[in-house]
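Right, one structure below, let's go through it.
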2 protein chains.
Amino acid sequence: MQNLEKILEHNHIKPTAMRLLVLQFLLNKKVAISLTDVENHFDQSDRTTLYRTLNTFVEKGISHKIDDGTGITKYALCEENCHCEIDTDLHLHFHCTKCNETVCITEYKIPPIHLPKDYIAENVNLVVKGICEKCNNK
Amino acid sequence: MQNLEKILEHNHIKPTAMRLLVLQFLLNKKVAISLTDVENHFDQSDRTTLYRTLNTFVEKGISHKIDDGTGITKYALCEENCHCEIDTDLHLHFHCTKCNETVCITEYKIPPIHLPKDYIAENVNLVVKGICEKCNNK
DNA sequence: CAAATAATGCACTTCCGTTGCATAGGGTTT
DNA sequence: AAACCCTATGCAACGGAAGTGCATTATTTG
Ligand SMILES: [Mn+2]
Ligand SMILES: [Mn+2]
Ligand SMILES: [Zn+2]
Ligand SMILES: [Zn+2]
């Protein structure tokens, strides 16, 4: 897939072998993944390299970090036209307590949050825990 | 303050010396505090005892844990009539990126969250980051 | 090819939360 | 008072995960 190389190059990331594999992995998964997930998937690779790969992806804007409250940082690819940095375009994340998977919910925007006077919101993290659609239909 | 003892006893917590001091500390602080905060405040006390004290308070329902996204668990006393366990009564938390303090925003309820079909929400964690009222007025 | 630059791999650290276990305290029973 | 019980406490150690330092390897550039 030359597509993968294009994605990386377009975002000023050198398309190394490892990076292409990690990108592939992220594309295939439809859920947010942790460093350990990637590590387990690529058996003979180094954790640090994967760690830095994931962070490079975040810095360069092709994926975003997710704090789903589990204490384990998750990563997911950004959608087209995603502006993770900008408050107005943030989406919520859903963490299923049954299958333990975390997904981006991009269909619905985060509703406007009311704050007391003189508070300035710069960023919002909204995590909903519960039962996901898959687990609910079993 | 015999008040403190009453609070603990009323919640089936034996009012030991340490617990009274920690409760006092929590009452005085208007912001969420971390284990390290308590540890630093009571110089010659043991980290584990404080850790278990804070968790006892949470288990017995007089305070709640806060995951504000900093990676450090915070604790704050529940308000009167607080039902932290129940989804509908949750409040949002605000983390100031300037003074690094986290506060409970109990004035406003968390707005209803829309989820895709077949998703069941059991719990919501909403953390807003930005500039707090105090820092904004300096 | 040589030099510069960037990515990788290994070891190690730090931070925080958590647990095991032995001891001390406080109240109750004999 | 002594023996007893149950809980709280203190010390030590563990564990997971994020992050760093540095030497090595790969890749680009002159
Ligand atoms: Mn997402
Ligand atoms: Mn709160
Ligand atoms: Zn699920
Ligand atoms: Zn502030």
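Letters go in sequence order (proteins before strands), and every chain restarts at 1.
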In whole angstrom, give the distance that lies between atom CG of A:N55 and atom C1' of D:dA17. 13 Å

If you compare every side-chain N and O of A:T16 against the phosphate oxygens of C:dA7 (OP1, OP2), does one of them come in below 4.0 Å? no

If we count only N and O atoms by modelled type, under 3.5 Å, do the side chains of B:T102 and B:H95 hold a donor and an acceptor together? yes

From CD of B:E9 across to P of C:dG27 the rounded distance in Å is 11 Å

In this structure, how many angstroms lie between the C1' atom of D:dT7 and the NZ atom of B:K14, rounded? 5 Å

Heavy-atom closest pair (A:F94 atom, A:I131 atom, distance to 0.1 Å) is CZ-O, 3.4 Å

Between A:D37 and A:I33, is there a donor-acceptor pair closer than 3.5 Å when you use the side chain of the first and the backbone of the second? no

Given D:dG19, is OP1 or OP2 found less than 4.0 Å from the side-chain N or O atoms of A:Y51? yes

Of the listed C:dG17, D:dA17, C:dT19, the closest approach to the A:T36 side chain comes from D:dA17

Is any side-chain N or O of A:R47 under 3.5 Å from a base N or O of D:dG16, one able to act as donor and the other as acceptor? no

Considering only heavy atoms and no angle criterion, is a donor-acceptor pair shorter than 3.5 Å present between the side chain of A:R52 and the base of D:dG19? no

Passes side chain to side chain contact (heavy atoms under 4.5 Å, CB included), A:K134 versus A:C96? Steps please. CA-CA 10 Å; A:K134 267 194 295 177; A:C96 178; over 6 Å; no

Rounded to the Å, how far apart are A:D68 CG and D:dA17 P? 12 Å

Ignoring hydrogens and angles, answer whether the base of D:dC11 and the side-chain atoms of B:T48 contain a donor-acceptor pair closer than 3.5 Å. yes

CG of A:D46 versus C1' of C:dA11: gap in Å, rounded? 10 Å

